Structures are given as C-alpha cells and as structure tokens.
Amino acid sequence: MRKTSWALSALVLATTAATAKPFTVEDLVGLNQLHSMAMAPDGQSVVYALKKDGQSDLYQQNLDSGAVRQLTSNKSNEHEVRFSADGKAIYFLADRGQGSQVYRLSLSGGEAVALTQLPIDVAGFKLSPDDSKMVVSLSVWPACDNLQCSVDKKAQLAKQKSTGMVFDKLMVRHWDTWDNHFVNHLFVGQLKDNKATGFTDVMQGLDTDSPAKPFSGMEEVTFNNDGTQLVYSAKAPGNDHAWTTNFDLWQVDLASGKTTDLTADNKAWDAQPVFSPDGRYMAWLAMSKPGYESDRFRIMLKDLRTGQSRELAPQWDRSAGSIRFSGDGKTLFVTAQDTGQRGLYAFNVDFGDMKVLSRDGSVGMVSEAAGRVVFSRNSLDKPSDLYVVDKDGFGLKQITHVNAQKLKDVQMGDFAQFSFPGWNNETVYGYWIKPVGYQEGKKYPVAFLIHGGPQGSFSNHWHSRWNAELWAAAGYAVVMIDFHGSTGYGQAFTDSITGHYGDRPLEDLQKGLAYIAKEQPWIDADNACALGGSYGGYMINWIAGNWPGKFKCLVNHDGLFDLRSMYYTTEELWFPEHDMQGTPWDNPDMYARWNPALFVKNWKTPMLVIQGEKDYRVPVGQGLGTFTALQRQGIPSKLLMFPNENHWVLHDANKVVWYHQVLDWMAKYTQPAPAADAKSH
C-alpha cells in the first residue's frame with residue numbers, strides 16, 4: 001500500500017512539474033481579490049466581497065459545509081459589508097446610480113434597499129449595536145450647517161473660471177490630492193423601517209477630519225454598547241496638522257451633543273476605539289512619543305465602572321495593528337507584526353495573557369462571533385484567503401480558495417526565513433526565494449529587494465505591487481533584509497534607525513547579502529541588481545554613492561534624492577523631523593550627513609528611475625533630480641514616469657509596464673537563467 005501511494009504521489013508531482021508555469025505580472029493583475037468580510041452573529045457563516053474580473057460582488061459561505069451562494073450581481077462594487085444585529089440581513093456600500101449609499105439586503109431574499117439617499121457620497125458607515133442608529137462619513141465644507149450647503153459650495157467652486165487655489169496653512173496637499181478645503185465629518189442618523197434619516201453633523205464647524213485622510217477608515221469610529229455615545233479619533237483643529245501626530249479620542253454624547261476629549265493628556269497618537277459588548281470596557285491603541293508615526297501602538301483598556309485606565313500586556317514589545325472585542329467581552333483579538341510575520345493574537349482582558357491564533361504569513365481582516373474567528377491571511381507565495389479558528393486557537397482551517405483555478409498551473413518559488421548578525425552584532429532577519437525551475441548546482445543572479453518605510457518590512461506577505469515571486473519567476477534568487485529600523489522586531493529595533501539613515505541599515509544589507517550568499521551557494525551575490533521604493537529608493541541612491549560597484553544595476557522607485565529639498569516639498573513633516581531629529585535649519589548637519597545628493601560624484605552603476613507624478617510624499621523633483629544626476633554624468637540610465645500614479649503603482653496597465661521595464665532592465669545587466677525568460681513577462 002505504501003509503495004503504491006508513493007508511486008502515485010511521485011506521478012502527481014512529476015505531472016505538476018511538467019505542466020506548471022512561472023508566475024507573471026498578467027497573472028498578478030488578474031487575480032481575484034477579497035476586500036471586505038463580516039461574520040454572522042450565530043457564527044455559522046461569513047459574507048465576503050470578492051472582486052472578479054473588475055466586478056465586486058457579495059458571497060455568503062457556510063463555515064461548516066462550505067456551501068457558497070452569491071448574494072449580489074451588480075455592476076456597482078459592494079464593499080464595507082456588515083451583518084445586522086439579528087443576523088437576518090447585511091448592510092453594505094455601493095453606488096447604484098445615486099452616488100455611494102448604504103444598502104440593506106435581506107438574506108431571506110429580495111432586492112437590496114437603499115437606506116440612505118444623501119446628496120453626498122457616503123465614504124464609510126457603522127451601526128449602533130442594536131441597529132437603531134447609523135454613523136456615516138461625508139466630505140463637507142466645514143462652515144456649512146447642512147448638506148445642501150456643501151453641495152452648493154462644491155457646485156460653486158466647479159463653476160469658477162480661475163483654477164487658482166489659495167492656502168493659509170499646511171497641508172496644501174496630501175498623498176496624491178491637493179487640499180480642496182472640504183473635510184471628512186461624521187453624521188449620525190436614526191435607522192427605522194429600512195430608512196436612515198435625521199442625520200446630524202456631530203463635528204459641526206470643526207476644520208478637521210475623521211476618519212483622517214488619506215488612509216484611515218471607520219475603524220477610527222465606534223458607538224458605545226448602548227448607542228448613546230459616539231467616539232472617534234481626530235486631530236484637534238489647528239495649523240499644526242503637517243507636523244503633529246497628536247490624534248485624540250473624542251466622545252460625543254448623542255443626546256446633548258456635548259463633545260469631550262478623552263485622551264487630552266496623551267500628546268501622541270490615539271486610535272481605533274472599541275467598546276466591549278457588555279459596556280464594561282473601552283479599548284484603544286495609543287502611542288507615547290509625540291511626533292513619531294512609528295512608535296509602538298500600546299493596547300489601552302479603560303474600566304468604565306471605575307474610570308481607571310491601564311495598558312494591557314505592557315511587556316509585549318509589539319505594536320498592535322488592529323483590535324476587536326469578542327462577543328462575550330472577555331477577549332481582545334489583536335493583529336501585529338512579529339519577526340517577519342503579521343499574526344493574530346487573543347488577549348485575556350482581565351489578565352493580559354495571550355494565545356496565538358495565527359502566526360505564519362500575514363493576517364488582514366478579522367471577524368468573530370459565537371466563539372469562532374474568521375480572518376484573511378496571505379504569504380509570500382499565496383494571495384489572501386479566509387480561514388476559521390476557534391477563539392482558543394484550535395481547529396484552524398482554510399475556508400476559501402478564491403484563486404485556486406487561476407493558480408492551479410502556476411509554480412511559485414520556495415522561500416525561507418534566515419537570520420544573521422548585523423549592525424552591532426544584533427540579530428537581523430531576512431528572506432530568500434529560490435528561482436522557479438531551480439536546479440541544484442547552478443548559480444543564480446540576485447534581485448536584492450529593499451523595503452520602504454523605513455519603518456516597514458518585506459515580511460511573509462503577498463504584495464500586490466512589489467511581488468517577490470515575480471522575480472523568482474524571472475529566474476532570480478530573491479533576497480530581502482529587514483534591516484535596523486524595520487517593524488515587528490521590538491520597538492528598540494525600529495527606533496534604531498533614527499539619526500542613522502545611511503549607516504546601520506547599509507551595514508545590515510551588506511552583511512546580510514554576504515551571509516546568505518555564503519550559506520546558500522546558488523545565490524550569486526556578484527551578479528546582483530538592487531531595487532527599492534520610497535526609503536528603499538533612498539537606499540538605492542545611497543548605495544550608488546556609498547557602496548559603488550557592488551551591483552550590476554539599480555532600480556529606484558519614488559526614492560529620496562535630496563533630503564533638504566525633500567523636507568520643504570513633502571507633506572507630512574513629522575516624518576523627517578523625527579527621523580532627522582529636527583528641521584533642516586535646526587539640525588542641518590544631519591540632513592547633510594545622510595543626503596544622497598552630496599555623493600553623486602561616486603555614482604557609476606546603471607540605474608532605472610521610476611516616478612509617479614502625483615506622488616506628494618516623495619515629490620516628482622526627487623526622481624527628476626536622480627535622473628539628472630545620472631544623465632549629466634553619462635551613467636546608463638532610464639526614467640519611467642507615470643503621470644497618473646502616486647507613491648504607488650495602482651493601475652493594472654501601469655503595473656504590467658512597470659514589471660516589463662524593471663525585468664528588461666535587470667536582464668540587460670544580469671542575464672538571468674534562460675529557464676525563466678524575463679521577456680516572457
């Protein structure tokens with residue numbers, strides 16, 4: 001029996017190897033995408049939004065039988081799905097010809113009904129625990145006292161013949177958008193008989209946003225357990241928004257309209273308030289260092305009976321990414337980066353002890369009901385799917401396989417995590433990925449990927465833009481190092497890059513590449529190309545001037561070139577002011593010491609420069625400055641400009657061009673193994 005089983009397995013493996021093909025960028029942009037999810041209150045099913053071939057619809061899946069039924073089929077993209085309190089209906093956002101509105105769909109049948117009919121697009125929403133109230137996020141003119149006023153103001157501005165914009169404070173632009181003086185405000189209305197009415201602006205007259213632009217969502221807003229209070233995170237109105245990280249939690253009494261600053265004593269970031277279902281606790285995330293966006297998010301807990309606040313699990317040296325209470329209020333489910341993974345953890349509210357629910361890979365969305373937890377998870381070689389586990393960490397199983405058919409004939413490169421002694425002989429971690437079609441005894445050129453942030457990580461994570469498997473498919477050995485400054489290794493490790501942009505990370509990169517090339521002889525560190533974006537792009541420029549001659553080629557995406565001009569043209573000033581330990585006029589030596597622009601005379605390595613014209617984080621002048629320095633010195637170089645992209649490449653057609661250009665550039669200088677022809681991508 002064993003012999004027969006082994007023979008069958010060998011046959012299957014041989015057949016798979018013969019039919020498998022390398023992963024391509026066309027495969028990447030064609031994948032199905034999970035992007036919203038909610039669990040039924042009885043814990044028996046989950047509803048999720050799945051984008052397939054450009055259309056997003058809702059599906060319900062039984063967690064035990066696996067049976068799936070499609071709930072919607074509409075050209076509008078449904079998202080932000082939530083269950084009703086009784087589990088008999090779902091709510092979601094969609095634009096079905098009336099702008100973005102909140103819809104309700106009965107799970108017993110029938111068509112979705114629009115609960116809101118507001119003259120302004122609903123950007124996000126939440127319901128009170130008993131479904132009697134709804135809060136929506138709307139973009140309004142802060143001085144207006146009704147929605148029609150904001151509609152009229154927008155129409156008035158659109159009719160102006162002049163395109164001139166006037167500003168009297170920063171930020172004049174943020175991420176990829178110029179400030180149009182409209183702000184995100186929260187409106188609370190009553191929900192009854194399939195209609196939401198009586199919406200009132202609980203931030204009336206405030207020139208501040210909640211949720212904050214550009215990335216915050218309704219995780220920053222919550223009702224208390226009986227729906228009498230609304231709590232949200234926002235900065236206080238003022239002229240310091242470009243250089244302060246002081247978000248506070250604001251509590252609105254919905255009967256009187258009185259607003260109270262709950263976290264005025266903390267001058268750092270407070271975020272993501274949540275209430276326990278029994279009304280006993282309010283939890284939130286809090287940083288402790290003002291002006292630092294990468295400080296550790298501590299888990300704070302306030303006992304609403306005693307009024308006492310405390311940090312939950314203060315010895316846990318990780319920064320929480322998201323939190324939510326269990327249905328019984330006794331557990332907090334927390335996501336956090338940890339040693340190259342993004343895990344899911346269950347913390348006992350009373351004692352702070354922790355259980356690991358998922359550690360391998362990267363956890364995203366989380367929902368819990370009736371003692372079961374559903375979450376999304378991905379890894380370097382697998383896009384996101386949904387998994388279920390009980391609240392004690394038992395019975396883990398995968399419940400969706402949304403890309404099984406699309407990837408059934410695709411071969412991914414094997415990968416592993418490694419560690420080595422880096423700067424100061426401290427342990428530093430990284431990953432390697434074998435090229436697809438790997439053959440024992442051969443040596444392979446290296447794609448040396450350098451992450452951005454710099455307080456970030458190229459962790460065990462499926463990336464929609466910097467997808468490491470695409471380089472493995474093109475015949476490269478992929479190496480990624482989480483240098484000093486990376487997240488998920490303790491706060492001291494993250495903080496260690498402050499004031500040390502160019503020395504400690506570079507030493508880690510140098511030692512890491514040398515170490516893994518010695519440990520894995522198939523990695524040809526003498527035939528390598530280094531690539532990075534944002535801070536990774538900064539490091540590419542820094543390498544060009546301070547580690548010249550090591551690499552055959554370089555790729556720089558939206559990278560910092562001149563730290564002084566960067567400060568004066570970027571938007572979030574708290575970032576350089578913290579990392580450079582002051583402003584350019586207060587600490588000019590720091591801005592000069594780590595400035596790539598001062599080392600261009602050492603440049604000699606061919607470089608591909610990529611820039612998004614709508615990137616206001618690392619503005620277009622940084623990319624143009626890099627290209628000018630290369631061209632003026634006669635160094636082989638190419639500029640790839642995307643007029644409609646920001647700091648990221650988000651359009652699928654542009655992603656295809658991005659990878660074609662990058663892989664062609666690398667092939668020109670590194671000549672990857674013919675088994676994975678870069679031009680086939």
Side-chain angles (χ1 to χ4, degrees), residues 19-35 49-56 77 342 361-362 364-365 376-386 400-415 431 433-437 447 449-452 456-480 529 531-534 536 555 557-558 608 610 612 640 642 644-667 672 675-681:
T19 59
K21 68 182 186 70
F23 190 51
T24 70
V25 64
E26 287 79 12
D27 294 326
L28 176 68
V29 300
L31 291 177
N32 301 326
Q33 300 175 35
L34 288 163
H35 61 91
L50 182 63
K51 186 176 181 180
K52 300 168 62 176
D53 302 320
Q55 180 168 319
S56 176
N77 288 329
R342 182 181 175 88
S362 294
M365 302 176 290
S376 63
R377 185 173 71 180
N378 60 63
S379 60
L380 277 166
D381 60 348
K382 293 183 181 67
S384 288
D385 268 301
L386 296 182
T400 66
H401 300 80
V402 299
N403 284 295
Q405 286 300 309
K406 287 180 178 287
L407 296 176
K408 65 183 177 64
D409 296 324
V410 173
Q411 183 180 359
M412 299 290 183
D414 295 333
F415 69 92
Y431 281 95
I433 304 177
K434 285 185 176 179
V436 174
L449 306 187
I450 305 173
H451 72 69
S457 171
F458 263 146
S459 55
N460 188 6
H461 166 61
W462 181 266
H463 210 298
S464 63
R465 298 181 307 278
W466 286 79
N467 192 286
E469 286 287 354
L470 284 174
W471 281 278
Y476 290 94
V478 183
V479 179
M480 303 177 290
C529 184
L531 312 86
S534 194
V555 178
H557 179 106
D558 289 3
L608 170 63
I610 307 172
L640 174 59
F642 290 109
N644 63 335
E645 297 289 3
N646 54 32
H647 199 53
W648 301 332
V649 177
L650 300 177
H651 299 80
D652 286 347
N654 289 342
K655 289 181 184 179
V656 173
V657 170
W658 193 99
Y659 277 103
H660 274 290
Q661 289 290 329
V662 168
L663 292 174
D664 285 348
W665 182 257
M666 294 175 65
D677 182 5
K679 293 185 177 180
S680 68
H681 300 275

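Everything quoted here is computed from the prediction, not taken from an experiment. Quick note: residue numbers are just sequence positions, from 1.
Going from atom CD1 of I433 over to atom OH of Y476 covers 14.5 Å, rounded to the nearest 0.5 Å. In this structure, the separation between CG on L407 and NE2 on H401 is 12.0 Å, given to the nearest 0.5 Å. Considering CG of N460 and CZ of R342, their distance stands at 13.0 Å, rounded to 0.5 Å. Note that the OG atom of S464 and the CH2 atom of W648 stand 8.5 Å from one another [nearest 0.5 Å]. To the nearest 0.5 Å, atom NE2 of residue H451 and atom CG of residue L449 are 11.0 Å apart. Distance check, rounded to the nearest 0.5 Å: CG of D409 to CZ of F23 gives 13.5 Å.
Of all the heavy atoms in S362 and S459, the pair that sits closest is OG-OG, 4.2 Å. Residue T400 comes nearest to L386 through the heavy atom pair OG1-N, 2.8 Å, listed as atom of the first residue, atom of the second, then distance. Of all non-hydrogen atoms in N32 and K52, the two that sit nearest each other are OD1-CG, 3.4 Å. D385 and V402 get closest at one heavy-atom pair: OD1-N, 2.9 Å. Across every non-hydrogen atom of P383 and N378, the tightest pair is C-CB, 3.7 Å. Of all heavy-atom pairs spanning L34 and S384, the tightest one is CD1-O, 3.7 Å.
Without hydrogens or angle criteria, E645 side chain to H651 main chain gives a donor-acceptor distance under 3.5 Å. Formation of a donor-acceptor pair under 3.5 Å by the K655 side chain with backbone atoms of V25 is not found in this model. The closest donor-acceptor contact from the side chain of N77 to the backbone of S56 lies under 3.5 Å.
Looking at heavy atoms from C-beta onward, M480 lies in side-chain contact with L380 at the 4.5 angstrom threshold. Residues L31 and W462 are in side-chain contact: their nearest non-hydrogen atoms beyond the backbone lie under 4.5 Å apart. Side-chain contact check for Q55 versus D53: every heavy-atom pair is 4.5 Å or farther apart. Looking at heavy atoms from C-beta onward, D27 lies in side-chain contact with K21 at the 4.5 angstrom threshold. Side-chain contact between L640 and V657: present, with at least one pair of heavy atoms (C-beta onward) separated by less than 4.5 Å.
A search for salt bridge (Lys or Arg N to Asp or Glu O under 4.0 Å) contacts involving D381 returns nothing, not counting sequence neighbours. Listed by chain and number, the residues in a ring-ring contact (aromatic ring centres under 6.0 Å, His included) with H35 amount to none (sequence neighbours excluded). Residues that satisfy the side chain to side chain donor-acceptor pair (under 3.5 Å) test with N403, not counting sequence neighbours, are absent from this structure.
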Q. Would I610 and Q661 count as a side chain to side chain contact (heavy atoms under 4.5 Å, CB included) if you check the C-alpha gap in whole Å, the side-chain angles of each, and the deciding distance to 0.1 Å?
A. CA-CA 10 Å; I610 307 172; Q661 289 290 329; over 6 Å; no
(Q) Under the criterion side chain to side chain contact (heavy atoms under 4.5 Å, CB included), I'd like the reasoning laid out for V662 against W471: C-alpha separation, chi angles, the key distance, then a yes or no. (A) CA-CA 10 Å; V662 168; W471 281 278; 4.0 Å; yes
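Note on ring orientation: taking the six-membered ring where Trp is involved, the planes of F458 and W466 are tilted (angle from 30° to 60°).
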